[in-house]
Amino acid sequence: QVQLVESGGGLVQPGGSLRLSCAASGFTLDDYAIGWFRQAPGKEREGVVCISRSSDGNIYYADSVKGRFTISRDSAKNTVSLRMNSLKPEDTAVYYCAAADLMVGCHISPTRDYGSWGQGTQVTVSS
């Protein structure tokens, strides 16, 4: 059974950091483009960052997180992590990881190529 599970969310003060993890079962994350998305209450889901399949190696960040967030792979653990630094209240959202079967490159919009999604993990940035 193909499954993605996010973890690492929580409550953090503005300026703080969190590390989210996306773990897979039933398939190898290195063979897929992986995207991180988020949805805040009352807002549409938005793309945060994506990383292409391991053999390609491209990364794309949304302008809103560029310089603050870093995506990375751990092939041995079959996970993709999202390191989030300098967090702001506007980063508060449910964060989802998703997998897309793309041969090259990745994109965070549109999302129709992302066929497998996790259940999400809540990130709250507040003092």
Side-chain angles (χ1 to χ4, degrees):
Q1 182 178 0
V2 174
Q3 189 175 15
L4 291 172
V5 178
E6 303 93 339
S7 62
L11 172 64
V12 63
Q13 293 186 342
S17 298
L18 280 175
R19 186 180 187 90
L20 305 184
S21 183
C22 175
S25 60
F27 67 106
T28 302
L29 287 181
D30 279 358
D31 295 336
Y32 290 81
I34 304 300
W36 281 95
F37 303 84
R38 65 187 181 187
Q39 188 165 20
K43 295 187 177 181
E44 293 186 356
R45 181 175 56 192
E46 64 171 342
V48 175
V49 59
C50 66
I51 184 168
S52 61
R53 61 191 302 164
S54 183
S55 59
D56 185 37
N58 286 302
I59 295 174
Y60 178 82
Y61 292 95
D63 288 343
S64 58
V65 305
K66 200 172 295 182
R68 300 189 297 123
F69 290 12
T70 303
I71 191 171
S72 61
R73 292 184 180 273
D74 187 330
S75 300
K77 295 182 179 178
N78 200 25
T79 60
V80 172
S81 294
L82 180 64
R83 176 68 177 179
M84 305 186 296
N85 296 328
S86 303
L87 283 163
K88 306 174 182 179
E90 51 263 44
D91 293 318
T92 295
V94 178
Y95 283 70
Y96 302 88
C97 65
D101 188 10
L102 299 173
M103 294 304 295
V104 294
C106 69
H107 51 265
I108 55 175
S109 177
T111 62
R112 60 175 177 267
D113 289 325
Y114 290 88
S116 298
W117 291 77
Q119 83 290 346
T121 185
Q122 176 70 48
V123 171
T124 302
V125 184
S126 175
S127 55

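Every heavy atom of this structure was used, including side-chain atoms; hydrogens, water molecules and symmetry mates were not.
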Self-check item: Under-4.0 Å salt bridge between D91 and K88
Solution: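 Looking at K88 together with D91, the answer is no, because their closest N to O distance does not fall below 4.0 Å.
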Self-check item: Evaluation steps, side chain to side chain contact (heavy atoms under 4.5 Å, CB included), between V80 and I71
Solution: CA-CA 7 Å; V80 172; I71 191 171; 3.7 Å; yes
Quiz item: Hey, does the side chain of N78 reach the backbone of L29 with a donor-acceptor pair shorter than 3.5 angstrom?
Solution: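 Checked: pair present.
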Quiz item: Is a side-chain N or O of S86 found less than 3.5 angstrom from the main chain of G15, in a donor-acceptor match?
Solution: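 It does not hold such a pair.
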Self-check item: Residue among L102, D31, V104, N58 satisfying side-chain contact (heavy atoms from CB on, under 4.5 Å) with R53
Solution: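 Answer to the side-chain contact (heavy atoms from CB on, under 4.5 Å) test with R53 among L102, D31, V104, N58: D31.
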Do [X] and [Y] sit in one hydrophobic cluster, given that two such residues count as connected whenever their side-chain heavy atoms are within less than 4.5 Å of each other, even indirectly?
X: L82; Y: I59; value: yes
X: L20; Y: Y114; value: no
X: F37; Y: L18; value: no
X: V5; Y: V2; value: no
X: F27; Y: W36; value: yes

Exercise. List in chain and number order the residues that pass side-chain hydrogen bond (donor to acceptor under 3.5 Å, both in side chains) with S81, two or more places apart in sequence or in another chain; answer none if no residue qualifies.
Key: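 Testing S81 for side-chain hydrogen bond (donor to acceptor under 3.5 Å, both in side chains), a comparison that skips the adjacent residues, returns none.
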Exercise. Using the test side-chain hydrogen bond (donor to acceptor under 3.5 Å, both in side chains), find all partners of S17 that sit at least two apart in sequence or belong to another chain.
Key: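 Partners of S17 by the side-chain hydrogen bond (donor to acceptor under 3.5 Å, both in side chains) criterion, ordered by chain and then number, come out as N85.
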Self-check item: Derivation of the side chain to side chain contact (heavy atoms under 4.5 Å, CB included) call for T70 and Y61
Solution: CA-CA 9 Å; T70 303; Y61 292 95; 3.9 Å; yes
Give me the atom names and distance for the closest heavy-atom approach of [X] to [Y].
X: G105; Y: D56; result: N-OD2, 2.6 Å
X: L4; Y: Q119; result: O-OE1, 3.7 Å
X: G120; Y: V94; result: CA-CG1, 3.8 Å
X: I108; Y: A62; result: CD1-CB, 3.9 Å
X: G8; Y: T121; result: N-OG1, 4.2 Å
X: P14; Y: S126; result: CD-C, 3.6 Å

Quiz item: With side chains defined as the heavy atoms from C-beta onward, is the minimum distance between V125 and E90 less than 4.5 Å?
Solution: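 Answer no - side chains too far apart.
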Exercise. Not counting sequence neighbours, list each pair that qualifies as a side chain to side chain donor-acceptor pair (under 3.5 Å) and has a residue in residues 18-30.
Key: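 Qualifying pairs: D30-S75.
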Exercise. Look at the aromatic rings of Y96 and W117 and report parallel, tilted or perpendicular, splitting at 30° and 60°.
Key: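 The rings of Y96 and W117 stand perpendicular, inter-plane angle above 60°.
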Self-check item: V65 vs R38, side chain to side chain contact (heavy atoms under 4.5 Å, CB included): CA-CA, chis, key distance, verdict
Solution: CA-CA 12 Å; V65 305; R38 65 187 181 187; 4.1 Å; yes
Exercise. Start with the C-alpha gap between I51 and V49, add the side-chain angles, then the distance that decides, and say whether side chain to side chain contact (heavy atoms under 4.5 Å, CB included) holds.
Key: CA-CA 7 Å; I51 184 168; V49 59; over 6 Å; no
Exercise. Take atom NZ of K66 as the centre, draw a 6.0 Å sphere, and report whether it contains more than 12 heavy atoms from other residues, nucleotides or ligands.
Key: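 Yes - once you tally the heavy atoms of other residues, nucleotides and ligands closer than 6.0 Å, there are more than 12.
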Quiz item: Out of curiosity, L11 CG to Q122 CD, how far, rounded to the nearest 0.5 Å?
Solution: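 Those atoms lie 9.5 Å apart.
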